[in-house]
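Report on one structure; see the data block that follows.
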Amino acid sequence: MALNLSQKQVVVAELAEVASKAQSLVAAEYAGVTVGQMTSMRKQARENGVFLKVVKNTLATRAVEGTDFDVIKDDLVGPLLYAFSMEDPGAAARLIKDYAKTNEKLKAKLVSIGGQKYPASHVDVLASLPTRDQALSMLLSVMVEPATRVARALKAIGEKDTAEA
């Protein structure tokens, strides 16, 4: 069903707002994905903070103008599914990667993060990024380690002094 001008403007405005706030973008070819699989993917996307949308490439090109994702405009060819990570930069890549395992027709085409464009092979790199909670726990463990070592050293010194006395 064709969209009229006002409907297209609404779609572009919605996508532009999402693109201005998103952390990363994964564009994937989806031809051959069933409606059931797409519905399941959309549900999973909502749960993981991923904005998933199928729009015409001309509308997507207009929507990303002036955002960090402006670099991908020239590569938007063919039927594409756009997955924007809103909170966790790797969420969209993990979603596409997981669904591509069970459906060979879903193929990542390009990745964009931080104003840079990367080939589809970088989906694995982006998907391997830790989530926010994982990154915070890693940071906490790094921050606690020096204090833990000092405490162990002081305990060892105390035990040594006790043993000598």
Side-chain angles (χ1 to χ4, degrees), residues 13-30 33 37-55 60-61 63-76 80-165:
E14 176 190 26
L15 206 55
E17 182 180 341
V18 168
S20 68
K21 297 176 183 175
Q23 304 259 339
S24 67
L25 165 69
V26 177
E29 295 177 346
Y30 68 95
V33 176
Q37 291 168 331
M38 190 66 83
T39 302
S40 173
M41 193 178 345
R42 284 189 171 115
K43 180 179 183 251
Q44 188 76 27
R46 280 190 301 274
E47 292 171 359
N48 292 318
V50 176
F51 180 85
L52 204 60
K53 188 86 168 173
V54 174
V55 297
T61 300
V64 298
E65 283 180 7
T67 67
D68 286 347
F69 307 111
D70 200 7
V71 295
I72 65 159
K73 292 190 315 189
D74 298 332
D75 296 321
L76 303 180
L80 295 176
L81 168 73
Y82 298 94
F84 289 93
S85 293
M86 302 309 291
E87 298 165 10
D88 173 20
R94 281 191 289 278
L95 178 74
I96 298 299
K97 183 179 175 183
D98 289 345
Y99 275 88
K101 288 178 186 175
T102 59
N103 189 341
E104 68 220 23
K105 295 183 181 182
L106 181 67
K107 296 177 186 147
K109 184 167 181 183
L110 60 96
V111 174
S112 179
I113 185 169
Q116 297 290 320
K117 174 180 64 174
Y118 301 100
S121 60
H122 277 67
V123 167
D124 293 332
V125 174
L126 190 57
S128 67
L129 288 177
T131 64
R132 183 177 189 274
D133 291 339
Q134 291 170 336
L136 288 175
S137 69
M138 291 160 75
L139 177 63
L140 182 62
S141 68
V142 168
M143 291 173 63
V144 169
E145 183 62 26
T148 305
R149 287 186 180 197
V150 168
R152 286 182 188 153
L154 291 174
K155 181 180 176 187
I157 291 171
E159 289 174 355
K160 181 180 175 187
D161 289 342
T162 309
E164 289 177 0

Exercise for review: Report the C-alpha separation of L25 and I113 in whole Å, then their side-chain angles, then the decisive distance to 0.1 Å, and conclude whether the side chain to side chain contact (heavy atoms under 4.5 Å, CB included) test is met.
Suggested key: CA-CA 7 Å; L25 165 69; I113 185 169; over 6 Å; no
Exercise for review: Decide side chain to side chain contact (heavy atoms under 4.5 Å, CB included) for K109 and D75; before the verdict, give the C-alpha distance in whole Å, the side-chain angles of both, and the deciding distance to 0.1 Å.
Suggested key: CA-CA 9 Å; K109 184 167 181 183; D75 296 321; 5.6 Å; no
Review point. Once you round to the nearest 0.5 Å, how far does OG of S24 lie from CE of M86?
Key: 10.0 Å
Point to revise | Nearest-0.5 Å distance, CD of residue E159 to CG of residue L154 | key: 11.5 Å
**Study point:** side-chain contact (heavy atoms from CB on, under 4.5 Å), paired with L110, selected from I72, V71, V26
**Key:** I72
**Study point:** Audit row: Y30, K105, side chain to side chain contact (heavy atoms under 4.5 Å, CB included) steps and yes/no
**Key:** CA-CA 6 Å; Y30 68 95; K105 295 183 181 182; over 6 Å; no
Exercise for review: Calculate, to the nearest 0.5 Å, the distance between atoms OH and CG belonging to Y99 and L106 respectively.
Suggested key: 10.0 Å
Point to revise | Whether over 12 other heavy atoms sit under 6.0 Å from K107 NZ | key: no
Review point. Passes side chain to side chain contact (heavy atoms under 4.5 Å, CB included), Y82 versus V54? Steps please.
Key: CA-CA 6 Å; Y82 298 94; V54 174; over 6 Å; no
Review point. Would you say Y118's side chain and V123's backbone share a donor-acceptor pair under 3.5 angstrom?
Key: no
Revision key, fill the gap. Rounded to the nearest 0.5 Å, the CG atom of D70 sits from the CD atom of E65 at a distance of 6.5 Å
Taking distance alone, no hydrogens or angles, what donor-acceptor pairs closer than 3.5 Å link side-chain atoms of residues 46-53 to residues at least two apart or in another chain?
from: E47; atom 1: OE2; to: K43; atom 2: NZ; distance (Å): 3.4
from: N48; atom 1: ND2; to: Q44; atom 2: O; distance (Å): 3.1
from: K53; atom 1: NZ; to: E14; atom 2: OE1; distance (Å): 3.4

Study note, to complete from the structure: Note: L15 and A60 closest approach over all heavy atoms is CD2-CA, 3.9 Å
Practice item. Spell out, as yes or no, whether a donor-acceptor pair under 3.5 Å connects the side chain of S85 to the backbone of A92. Key: yes
Point to revise | CD on E17 to CZ on F84, rounded to 0.5 Å | key: 12.0 Å
